[in-house]
Amino acid sequence: MQRIILHMDLDSFYASIEEKRKPEIAGKPVVICVFSGRTADSGAVATANYKARELGIKSGMPIMLARKRANSETVFLAYDIEFYREVSDRIMDLIETECDILEQASIDEAYMDVSLKAGSFENAARIAERIKEIIREQEGLTCSIGIGPNKLIAKMAGKMKKPDGLTIVREREVAAFMEKMPIEKIHGIGKKTAELLNDLDIKTADDLAKSSLLILEQRLGKNKARLMQDKARGIDDSPVEQRVAQQISRMKTLAEDSDDIETIYSTMRAMSPDIRKKIQKKQATFRTVSIITIDSKLETQTRSETISQTDDVELAMAAARSLLSKWLDENKGRKLRRVGIRVSNLEYGRKQKSLGDFL
DNA sequence: CGACGTGTAAC
DNA sequence: CCTTTTACACGTCG
């Protein structure tokens with residue numbers, strides 16, 4: 001049963017939306033920033049448009065560094081996630097009808113299984129063109145699309161031609177497509193794994209595919225070793241499926257490093273309405289509460305506690321406070337830079353037990 | 001096995 | 001100089 005999978009990626013999404021809403025900045029380098037609020041320019045770059053990328057500004061980079069690379073016409077904007085989410089939701093609704101199954105992979109990406117609806121790669125290409133047209137007409141945005149026999153190939157194909165690209169890799173073209181691929185460009189192989197493989201003199205997908213499974217297993221464990229070799233061969237059986245959130249979390253950088261429970265807890269409290277809104281919107285309940293701590297040295301830790309299934313965020317906050325208090329006790333002398341709160345073990349559609357159920 | 005904590009990856 | 005959010009795998013412990 002041959003599958004046909006499409007991957008859609010909206011081109012420099014945040015920056016493109018901002019250019020639409022502020023026509024006066026169109027054509028200039030645009031940098032969308034996540035300001036942490038600590039100093040005027042502390043924070044990181046979320047997205048840069050193509051003009052800004054030409055200046056060497058890339059996502060993930062500290063804003064300070066982006067400022068140094070910017071020229072006089074470069075525009076820096078604070079990111080507005082609520083607005084971007086609205087646009088994203090509208091686009092996902094638009095394209096949902098064009099496929100059999102839609103899996104939203106992030107705010108600006110989606111996988112679509114079009115095996116039945118298209119039936120052939122030629123028809124899948126027509127669907128892709130239609131999706132591009134719909135997004136251009138309805139939202140004034142461009143996207144890049146990859147088509148392949150699985151999610152991995154679709155995703156990597158889409159990267160070949162950007163922006164506004166369309167790339168098709170058929171089953172019989174997979175081997176040639178992967179062959180010379182540097183391992184760090186394989187989706188799912190990050191910095192750590194690439195370094196580890198490099199130490200074994202594995203530099204291309206072909207090297208990885210032909211490497212000794214035994215040696216890989218020693219370094220990566222059985223599962224990951226097999227997974228990596230499959231990727232190198234362009235093999236990926238994971239289905240396109242509608243997903244529901246498994247967890248909801250919020251993080252915030254403190255105004256300054258602190259070990260004072262009231263200071264830190266008030267920052268956590270400030271995030272609770274966000275969590276509450278999401279829980280309500282999703283009609284979800286949770287069972288596990290975690291805090292995430294990032295100290296002055298940027299070391300991350302988590303502490304969690306399982307309580308009985310509830311939708312009451314106040315219960316989560318109480319648990320969070322006691323977890324925080326414990327952390328501070330166990331980490332005397334350390335100060336926190338950022339904190340986060342997370343609820344997980346989510347359940348949907350099932351009302352949590354209310355008082356009435358016991359009477 | 002469930003709970004908990006860490007590491008890796010991607011956006 | 002260092003953001004935010006989510007997912008998942010794996011090891012450990014009881």
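Bear in mind the structure is a predicted one, so any value in this text is a computation, not a measurement. In what follows, every chain begins at residue 1, and chains take the letters A, B, ... in the order their sequences are listed.
Of the residues in residues 147-162 of chain A, none lies under 4.0 Å from DNA chain C by heavy-atom distance. Within residues 29-47 of chain A, no residue places a heavy atom under 4.0 Å from DNA chain B. The stretch residues 227-239 of chain A has no heavy atom under 4.0 angstrom from DNA chain C at all. Shown for residues 286-300 of chain A: residues whose heavy atoms fall under 4.0 angstrom of DNA chain C, namely A/Leu298.
With a cutoff of under 4.0 Å to any heavy atom of chain A, the contacted region of DNA chain B is bounded 5' to 3' by B/dA3 to B/dC11.
For A/Tyr14, the ring-ring contact (aromatic ring centres under 6.0 Å, His included) test picks out A/Tyr84, with sequence neighbours left out. Under the rule for a side chain to side chain contact (heavy atoms under 4.5 Å, CB included), the partners of A/Gln301 that lie at least two apart in sequence or sit in another chain are A/Thr293, A/Arg303, A/Trp327, A/Asn331, A/Arg334.
Residues in residues 44-69 of chain A take part in these side chain to side chain donor-acceptor pair (under 3.5 Å) pairs, two or more places apart or across chains: A/Glu19-A/Asn49, A/Asp41-A/Arg67. For the side chain to side chain donor-acceptor pair (under 3.5 Å) condition, the pairs that include at least one residue of residues 136-147 of chain A, sequence neighbours left out, are A/Asp11-A/Thr142, A/Asp11-A/Ser144, A/Arg90-A/Glu139. Sequence neighbours left out, the pairs with a member in residues 184-198 of chain A that pass salt bridge (charged side-chain N to carboxylate O under 4.0 Å, His left out) are A/Lys191-A/Glu195.
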Show the distances under 3.5 angstrom between N or O atoms of the protein and N or O atoms of nucleotides 11-14 of chain C.
none

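Nucleic acid contact class of A/Ile189 (heavy atoms, under 4.0 Å, all strands): sugar-phosphate only.
Applying the under-4.5 Å side-chain rule to Ile, Leu, Val, Met, Phe, Trp and Tyr, the cluster around A/Met251 extends to A/Ile292, A/Ile294, A/Leu298.
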